[in-house]
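Side chains included, hydrogens not; waters and symmetry mates left out as well; all remaining heavy atoms used. In what follows, every chain begins at residue 1, and chains take the letters A, B, ... in the order their sequences are listed. Fair warning: this is a prediction, and the values are worked out from it, not measured in the lab.
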Amino acid sequence: MTPSIASRLAKLNPRQQEAVRAIDGPCLVLAGAGSGKTSVITTKIAYLVQECGMSARRIAAVTFTNKAAREMKERVGQMLQGREGHGLTVSTFHTLGLNIIRGELKALGYKPGFSLFDPEDAKALLRDLMNKDAQVDAEAINQVQAAISNWKNDLVLPGQALSHAADDGEQFAARVYEAYVRHLKAYNAVDFDDLILLPVTLLRDDPEALARWRRKIHYMLVDEYQDTNVSQYQLVRMLMGERQTFTVVGDDDQSIYAWRGARPENLVTLGEDFPRLNVIKLEQNYRSTGTILRAANTLIGNNPHVYEKTLWSNMGQGEAIRVVVNRHEEAEAERVASEILTRRIKERAEWRDFAVLYRGNFQARLLELKLQHYQVPYKLSGGTSFFSRGEIKDAMAYLRLLINPADDNAFLRIVNVPRREIGPGTLEKLANYATDRGTSLFAACHELGLAEQLPTRAVERLGRFTHFIDGVRRRMDGGDALAAIREMLRDMDYEAWLYQNASAPTIAERRMANVWTLIDQLEKSMQADPEDRAEEATASTATETDDVESAISRLVLRDILEQQAEEDDSDRVQLLTMHASKGLEFPHVYLMGLEEELLPHRNAIEVGTVEEERRLAYVGITRARRTLTLTLARQRKAYGELMDCTPSRFLDELPEDALEWEGRADREDPEKKQARGQDAIAGLRSLLG
DNA sequence: GTGGACTCGATTTTT
DNA sequence: TCGAGTCCAC
């Protein structure tokens, strides 16, 4: 054994070592919160390369978020030396799918330069399709979009959706689905769900492609396996087929995305599909105090389990979990804010050591006000994405059209931005003509027959636009693609258009700066993997335009830009939803709003998914390293009305002796309690009297 | 193009 | 209740 891998292994506990060494067959690692699962995955990759002599280019590790992929890549990079890690795949499921599609364009019937539609682009297309017959409201579009996404995630194709439609609504959605798929194909475009669906159907239907990818990937590792959906599981299954060499790591107790298609039962299915499955449990927690873990264990003990596990730690018992009952929501926010302020001094902690977790984003509003009042620096997760900004959508549409002239969506977005006096009338006639001829809008502009359908002036204007785009494209192919893009933005004077349309010059300035940031990011993204690029370039005849193309896709997948946001590691209190907190840890955690109807959420109670809410609470609790404070309000304003709140059932499910209550009405000293009882009786009498 | 009146909804959102 | 988003009149 090489010394470096031996010392890595020695740092792991026996169960973790077992998980690393289990390489001959299918392996499921049930990794409790804080049990060092990332160490297992990264060490296992190093073990496969250094100890088993497997080439890194035969290994694929997949995660759900770009962030997780980046962190994993970095940790593996530290373990492997020199060229050992060359060609290793550590990516999200979606990026893996994107690469498969890029490698199998012909087999899939797509052309080079295909566009990747983000959910907003997809919605725009659906709106178009659904509004053809009658005006449809936004809600209906959202519903159909969700239905289509669910179908795709469940590997249900339009034909099957149509034949299984139970009612008119589903039938309608299924017909839109069919049209949607057809249009995407015509646009030479794929959506996010296609990034998994298309590879799965290809591998299922094309034995040669299957053989190609099985030859390429010999070992897979999957993180957060409980969050996989049907199509993601099938992708892993198809790729690992007969070889059965994979490791999946997950925790059914942290499954909080079932509402979005995740199938935690994939953990069980795995045992059925692979009888040789080696199940290894990691139960030692390296994060939290004994008290916090005991509370977490007791709470989650109320959920049914296929695989029982109990977390333990040797970090000492630590402090009791405090439960603070407040008069109302404002008092709750006030309390949390002021407590962070004092605790920071008392504990000599930094702002970043604190996190406040809540069920819904709206809960952050009041808290923000209080934190501002006390001048506590904080960072709010979520918020409007860079990519939903209009100027970014415009720039992305230009890029997409340059790479993929069939992308009608991109064409429509920017054909008249900045103004080129190409109005709805012209576009409608152009669309009719293109439909008749079975071509894209952009291609139709080049056709001579168009002159018969449109006034000369309109044809001229369209021609000027396409000529402009064609010119940029030629410059891109001829050399420095990014220089051509920057030149394009200057030539068409996008900046002037921004100034015309902004309410203030500073806003226009900021927007233009955003566009340049986007282009800078594009450049960075192209330089991100010089090794891979070199490899691709030798393997095929990759041009710089190909690089721009793949960089744009990565940009759509939110890869590189969010990295920049992360690098801002200023010292601030974190405000997060419990969902967003998964995978993170903090010395001091505040969990707000432990009330019935909020956590568990009322909708969850209604539809009977309290178990997932319990897991959500479990995730929240297990984020805490040293101290945990749970807060709730007796009254809360909801829908404009003041509502009395009931403490969350989850509080009753925690071990009484691990909690330290503050302000609880029915656990005060008996005298007070009796006094209030008298009051109540008196009140009742007065009511009756 | 813009702002004021009006309507509607109110949980979470890895890519 | 409050706020975001939509729509219409100017």
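Checked against the 6.0 Å centroid threshold, A/Phe354 and A/Phe586 do not count as a close aromatic pair.
Protein atom CD of A/Glu596 is 16 Å distant from nucleotide atom P of B/dT11, rounded to whole Å. When the C1' atom of B/dT13 is taken as reference, atom CG of A/Asp118 falls 14 Å away, rounded to whole Å. Computed from coordinates, the A/Ile256 CD1 to B/dT12 P distance equals 13 Å when rounded to whole Å. A/Leu599 places its CG atom 13 Å from the P atom of B/dT12, with the value rounded to the nearest Å. When rounded to the nearest whole Å, the span between CZ of A/Arg636 and P of C/dT1 equals 18 Å. In this structure, A/Phe362 places its CZ atom 17 Å from P of C/dT1, rounding to the nearest Å. In this structure, CG of A/Leu555 is placed 14 Å from C1' of B/dT15, rounded to the nearest angstrom. Nucleotide B/dT15 holds its C1' atom 15 Å from the CG atom of A/Asp223, rounded to whole Å.
For A/Arg365, the side-chain atoms get nearest to C/dA4 when compared with the rest of C/dA4, B/dT11, B/dT15.
No donor-acceptor distance shorter than 3.5 angstrom exists from the side chain of A/Gln226 to the backbone of A/Asp253, with no hydrogens or angles considered.
Remark: A/Asn361 is in phosphate contact with B/dT12, judged by side-chain N or O atoms under 4.0 Å from OP1 or OP2. Dashed line: the shortest gap from a side-chain N or O of A/Thr577 to OP1 or OP2 of B/dT13 is under 4.0 Å. Contact between the side-chain N/O atoms of A/His601 and the OP1/OP2 oxygens of B/dT11 is found at a separation under 4.0 Å.
By the stacking rule of 5.5 Å between ring centres and under 30° between planes, A/Trp259 stacks on the base of B/dT12.
Rounded to a whole angstrom, the distance from the P atom of B/dT13 to that of C/dC2 is 24 Å.
For the 3.5 Å distance criterion, the side chains of A/Asp191 and A/Tyr180 qualify, holding a donor opposite an acceptor. Defined by atom type and a distance below 3.5 Å, a donor-acceptor pair is missing between the side-chain atoms of A/Gln143 and A/Gln145.
Under the 4.0 Å criterion applied to side-chain N and carboxylate O atoms, A/Arg615 and A/Asp251 are not assigned as salt-bridge partners.
Taking the nucleotide of DNA chain B with the nearest heavy atom to each of A/Arg419 and A/Glu613, the more 5' of the two is matched to A/Arg419. If A/Lys582 and A/Arg359 are placed on DNA chain B by their nearest nucleotide, the residue sitting closer to the 5' end is A/Arg359.
Nucleic acid contact class of A/Phe93 (heavy atoms, under 4.0 Å, all strands): none.
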